Amino acid sequence: SLWRYLQEKFQESLSKVSYDTWIDSAVPVRLTDTNIIIEVPSSLHKDYWQNNLMSRIVEGIYEFSGKELTPIFMIKNEEMPDIAKPTIKRTNNNRLFKDAQLNSKYTFDTFVIGKGNQMAHAAALVVAEEPGTIYNPLFFYGGVGLGKTHLMHAIGHQMLQLRPTARVKYVSSETFANDFINSIQNRTQEQFRNEYRSVDLLMVDDIQFFADKEGTQEEFFHTFNALYDERKQIVLTSDRLPNEIPKLQERLVSRFAWGLSVDITPPDLETRIAILRKKANSERLEIPDDTLSYIAGQIDSNIRELEGALVRVQAYSAIQGTDITTSLAADALKSIMPSEKPKALSIYAIQQAVGKYYHVTVEELKGKKRTKGIVVPRQIAMYLSRVMTDNSLPKIGSEFGGKDHTTVIHAHDKIALSVKKDPVLQREIETIQNSLKK
Ligand code: ADP
Ligand code: MG
């Protein structure tokens, strides 16, 4: 049940004493479309929940049910609040959660470490555990969809896990700019400053958008100084290094350099496969390894696109009511593949080209005859099918008259080795490959 889920969540993150004091004494009494009503023993408990546990309970409810419910705390033996009043949704109850604005999926647990993000990940962990002391500010830079935002949220979650009362604020640079401009228009600058300067961790995402915003930069400069002087942690991201952001004030550039800047680079194939596998597992999708490799091989720049590809493949299999296979994935991804990419080479085309070159028929290549004049061309055709197409080993085997995939592996390895030692064979194969590329 929802409550059980929340209890377990709190059990993991709170000490036993805290858990017994605050969580064990609370009783869920009612669930509506918009609210969960929770009974607590005293006003002290109510305050504690509202001030310290709010973000996590809202998050937990969302994780469990996908709903955004606002908790209402009721002190035992007091009258039930009139939850029908729409004003309740707008109370400060949501405050902490709203300030933190953390996506519950972006945690360290769901982050796959690879060569391109190893440093960034390590720095993020340090900052979450030792905020304000070691790397301040921490600055991540790198292309889109490589995990900058994910890491920021992970820092926020981790810090709240370790210090539940910490004030964590995550904003995009646009939100910061808009909040600032609104505060001028509404004459609420005081409030704006309180809000931004009273946090323990401030994270501003994509600060390249500060580029031509003079006033916002000015205000951010003061925000930065106030937090820095108080040894509060600041984490920033951008698509490039601070000194490469056009029109970013020199004094900001130099302050950003006080801490640590780490870049995140695109994931290698292994990391992409690991990310897909993790994602597939968490969605309980059954995907064969060669299909995961296939998808990871097709999409090589950006993790967001990689995830998009997986969603697409998943949707395809759901619509067609079939299991996920490499050929299904190929179909699903066809339309999103770069259009300049040449049409996929077929195994049949390779068989024809090899057959033509060595004067054997396609039938003989697919057959079982083991004379030397046929065996080597057959192995070459299998080798080329392996290196020039995305077909799986079993698929290649089946296109060669139903041979086992180990036969394909053997053929591939044998030719790969011979090519290195035999320049004549190497040239023959190059000629065939060139004829296929036309
Ligand atoms: P950025 O902010 O750099 O543009 P995001 O943090 O928004 O990129 O990442 C894009 C998507 O890729 C998100 O859904 C994120 O969860 C996922 N992602 C990025 N890096 C990783 C990683 N190392 N492991 C797992 N998922 C990742
Ligand atoms: Mg981002």
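All values reported here derive from a predicted model rather than from experimental measurement. All ligand and atom numbering here is 1-based and tracks the order in the structure. Atom set for the values below is all heavy atoms of this structure, side chains included, hydrogens, waters and symmetry mates excluded.
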Under the side chain to side chain donor-acceptor pair (under 3.5 Å) test, which residues partner K403, sequence neighbours left out?
none

Relative to the heavy atoms of [X], which atoms of ligand 1 are at a distance of less than 4.0 Å?
X	result
G147	1 (P), 3 (O), 5 (P), 6 (O), 8 (O), 9 (O), 19 (C), 20 (N)
G145	1 (P), 3 (O), 4 (O), 8 (O), 10 (C)
T110	24 (N), 25 (C)

Under 6.0 Å from the CG atom of D323, do we count more than 12 heavy atoms belonging to anything else shown?
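Atom CG in D323 is not crowded, with 12 or fewer foreign heavy atoms closer than 6.0 Å.
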
When the ring planes of F64 and Y5 are compared, do they come out parallel, tilted or perpendicular, using 30° and 60° as the limits?
tilted

Do the rings of H45 and W22 sit parallel, tilted or perpendicular, given the 30° and 60° boundaries?
perpendicular

Between [X] and ligand 1, is there a nitrogen or oxygen pair with a distance under 3.5 Å?
X	answer
V112	yes
L146	yes
F111	no
V144	no

Output yes when [X] and [Y] qualify as a salt bridge under the 4.0 Å nitrogen-oxygen rule, no when they do not.
X	Y	answer
R251	E218	yes
K16	D20	yes
D206	K148	no
E270	K115	no

Quick check: does T237 put an N/O/S atom under 2.8 Å from the Mg ion (ligand 2)?
no

Around [atom], find the nearest protein heavy atom and jot down its residue, atom name and distance.
atom	value
atom 7 (O) of ligand 1	R304 NH2, 2.6 Å
atom 20 (N) of ligand 1	I303 CD1, 3.3 Å
atom 17 (C) of ligand 1	E307 OE2, 3.2 Å
atom 13 (C) of ligand 1	Y106 OH, 3.6 Å
atom 2 (O) of ligand 1	T149 OG1, 2.7 Å

For the side chain of H412 and the backbone of V387, is there at least one donor-acceptor N/O pair under 3.5 Å apart?
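Side chain of H412 to backbone of V387, a donor-acceptor pair under 3.5 Å: no, none is there.
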
Is there a heavy atom of G143 sitting under 4.0 angstrom from any atom of ligand 1?
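The answer is yes, since G143 has a heavy atom less than 4.0 Å from ligand 1.
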
Counting heavy atoms only, which part of K279 comes closer than 4.0 Å to ligand 1: side chain, backbone, both or neither?
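Contact part for K279 vs ligand 1: neither.
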
Using a heavy-atom cut-off of under 4.0 Å, does the side chain or the backbone of N117 touch ligand 1, or both, or neither?
side chain

Side chains of N103 and Y170 only: does a donor on one sit below 3.5 Å from an acceptor on the other?
no

When you check the side-chain N and O atoms of T110 and H150, is any donor under 3.5 Å from an acceptor?
yes

Pick whichever of R272, M152, H150 has a heavy atom sitting closest to atom 16 (O) of ligand 1.
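Of the listed residues, H150 has the closest heavy atom.
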
